[in-house]
Amino acid sequence: MTEKYAIGVDYGTESGRAVLVSLENGKEIADHVTPYKHGVIDEKLPESEIELGYEWALQHPQDYIEVLGNSIPAVLKETGVNPNAIIGLGIDFTACTMLPIDENGKPLSNDPELKDNPHSWVKLWKHHAAQDEANKINEIAEQRGEDFLPRYGGKLSSEWMIAKIWQILNEAPAIYEKADRFVEATDWVTSQLTNNFVRNSCTAGYKSIWHKKDGYPSNEFFKSLDPRLENVAETKLRGEIVPLGTKAGELTDEMAHLTGLNVGTAISVGNVDAHVSVPAMGVAEPGKLVMTMGTSICSLLLGKEEKQVEGMCGVVEDGIIPGFYGYEAGQSAVGDIFAWYVDQAVPKYIKKEADEKGVNIHQLLEQKASAYQPGETGLLALDWWNGNRSVLVDTDLTGMLMGMTLQTKPEEIYRALLEATAFGTREIVDAFHNNGLDVNELYVCGGLPHKNKLLMQIYADVTNRVIKVADSYQTPALGAAMFGSVAAGSSRGGYDTILDATKKMARIKDEVIKPIPENVAIYEKLYQEYSTLHDYFGRGENNVMKRLKAIRSTTK
Ligand SMILES: Nc1ncnc2c1ncn2[C@@H]1O[C@H](COP(=O)(O)OP(=O)(O)O)[C@@H](O)[C@H]1O
Ligand SMILES: O=C(CO)[C@H](O)[C@H](O)COP(=O)(O)O
């Protein structure tokens, strides 16, 4: 029998990549990255002088289509694999990345009459300008004792669908009216591939407050937010919601022409970058926290029952793998914090030294920071450069660094920032572990584990847990391809369930990272200090960060 393949397309924050994967063993045969031409739109609308507000983050929907038209033909060309052997395709996306579309499924930002309104564009997951709406949703849901709130750790995030929709209604009612539906980008791109619009239960559950048994919250709840939202669930959020692993449809003529794949190739329903990585790492049982580590971290855990955990992003039945409750938590900035330091704050002599040594600044700072013992820098940071989305769930929180002296060196600050993100992870691990959801091991994937050894050792030491690393740079794309193979099914040479695909295709490295007991002991003390600061600045009345932000907003 000839070898069969699937393609996974992973849509990240800055770029999308297509990966051709063998169904036999999950090996990646080729991959190709297409950076988004318009990147993250956070200052001005494309080809326009219209400026965006503080905390805005938009994208151009055409950039997503270009990934398909550019990266899929590139992997076909590179490998020479015959499209007849490629039986399925799946995509995964950052989420909640959402857009308003018209009756024909066209993004409203394509309409020349609407394109100058920022609200007609794709709102990226890290668009944080709907915090006021999120605050009101949380306040009203709490007052009404809404059942759904505990499933989201007590607070919904401004990153999610309802807050974003309400912001559109408040600031651009005409766009709200014009929108036939609001959709996740992962579902929209899938509908472009298949000409069939379905919503996947993963984003519906985690990002749009949909529940397998209860559906969306009641119309009364939406009405209590704003009478104009009363029917939002059955109007703007309508659409069949189907489980992960379902076949969304088959590749259309037009898309076959664009990608070079065969008409009729099976396409799975859309998925989320972090969630799709769990089966791709071979995790199909509780106790293993899967962390996708890049610009941000998404942490996912499987459970046998529904529990309440403070500040988790959500628990969704079948939300990751059918048969389990899937728990999500996350840190809104991790690699982005290191990038901020390297790009904005590193002195010239460090850049010069990195150039002379032929390494990048991260690598140089990692080398230098590795010479320090835990605690030796005397520094401690709060990792809230992009707010906090677990345990505190508040995008108004900001970063902090303490302990500096006139002797403090750039590599010490870099190390303190690495440590701060590890302490952020420890808060999440403890929140799960202390609420009946054991976290025994960490499974890590994404770009960061391959880039920074020191970082990974710090995570093992701070959490006092063994870390297993993905044997792939493209774990989400591998997971998406696995779901593509499930959409095709065993009759076409794929798999019937994601668990079957996991057994054959998931890949992790043999080598593990173990905690070093001496480091664990010191980090335990530092973590207690971190926790004190975390609670002081993040809870209760000491909200100096919010006051600073409020003052700032009056200056614009
Ligand atoms: N050597 C390094 N050490 C720590 N962070 C790094 C290093 N090199 C790059 N980064 C950070 O990694 C992040 C990119 O991670 P990656 O997983 O490739 O991207 P994404 O999250 O967009 O998929 C950037 O935020 C960058 O600052
Ligand atoms: O919240 C998410 C998933 O639930 C985001 O998709 C995720 O955090 C984006 O991460 P990155 O930019 O690092 O791929």
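Note that this is a predicted model, so its numbers are computed, not measured. Residues: numbered from 1 along the sequence shown. Both ligands and their constituent atoms are indexed starting at 1 by order of listing.
A salt bridge between Arg389 and Glu159 is present, with a side-chain N of the basic residue lying under 4.0 Å from a carboxylate O of the acidic one. Using a cut-off of 4.0 Å between Lys/Arg side-chain N and Asp/Glu carboxylate O, Glu353 and Lys348 are scored as not salt-bridged. In this structure, Glu441 does not pair ionically with Arg465, as no charged nitrogen and carboxylate oxygen lie closer than 4.0 Å. Classification of Lys126 and Asp336 as a salt-bridged pair holds, one side-chain N sitting under 4.0 Å from a carboxylate O. With respect to Arg17 and Asp10, a salt bridge is recorded, a charged nitrogen being found less than 4.0 Å from a carboxylate O.
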Filter the ligand 1-protein atom pairs down to N or O on both sides and distance under 3.5 Å, then list them.
unit_1: ligand 1; atom_1: 1 (N); unit_2: Lys451; atom_2: O; d: 3.4
unit_1: ligand 1; atom_1: 3 (N); unit_2: Tyr414; atom_2: OH; d: 3.3
unit_1: ligand 1; atom_1: 3 (N); unit_2: Asn452; atom_2: ND2; d: 3.0
unit_1: ligand 1; atom_1: 17 (O); unit_2: Gly447; atom_2: N; d: 2.8
unit_1: ligand 1; atom_1: 18 (O); unit_2: Lys451; atom_2: NZ; d: 2.8
unit_1: ligand 1; atom_1: 21 (O); unit_2: Thr295; atom_2: N; d: 2.8
unit_1: ligand 1; atom_1: 21 (O); unit_2: Thr295; atom_2: OG1; d: 3.2
unit_1: ligand 1; atom_1: 25 (O); unit_2: Gly335; atom_2: O; d: 3.0
unit_1: ligand 1; atom_1: 25 (O); unit_2: Asp336; atom_2: N; d: 3.2
unit_1: ligand 1; atom_1: 27 (O); unit_2: Gly335; atom_2: O; d: 2.9

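In this structure, Glu411 has no salt bridge (Lys or Arg N to Asp or Glu O under 4.0 Å) partners at least two apart in sequence or on a different chain. A search for salt bridge (Lys or Arg N to Asp or Glu O under 4.0 Å) contacts involving Lys164 returns nothing, not counting sequence neighbours.
Met402 CE: 12 or fewer foreign heavy atoms inside a 6.0 Å radius.
Protein residues with any heavy atom under 4.0 Å from ligand 2: Thr13, Thr94, Ala95, Trp125, Lys207, Val272, Asp273, His275, Thr295, Ser296, Cys298, Glu328, Arg389.
For the ring pair (Phe, Tyr, Trp, His ring centres under 6.0 Å) test with Phe93, the passing option among Trp125, Tyr11, Trp188 is Tyr11; the others fail.
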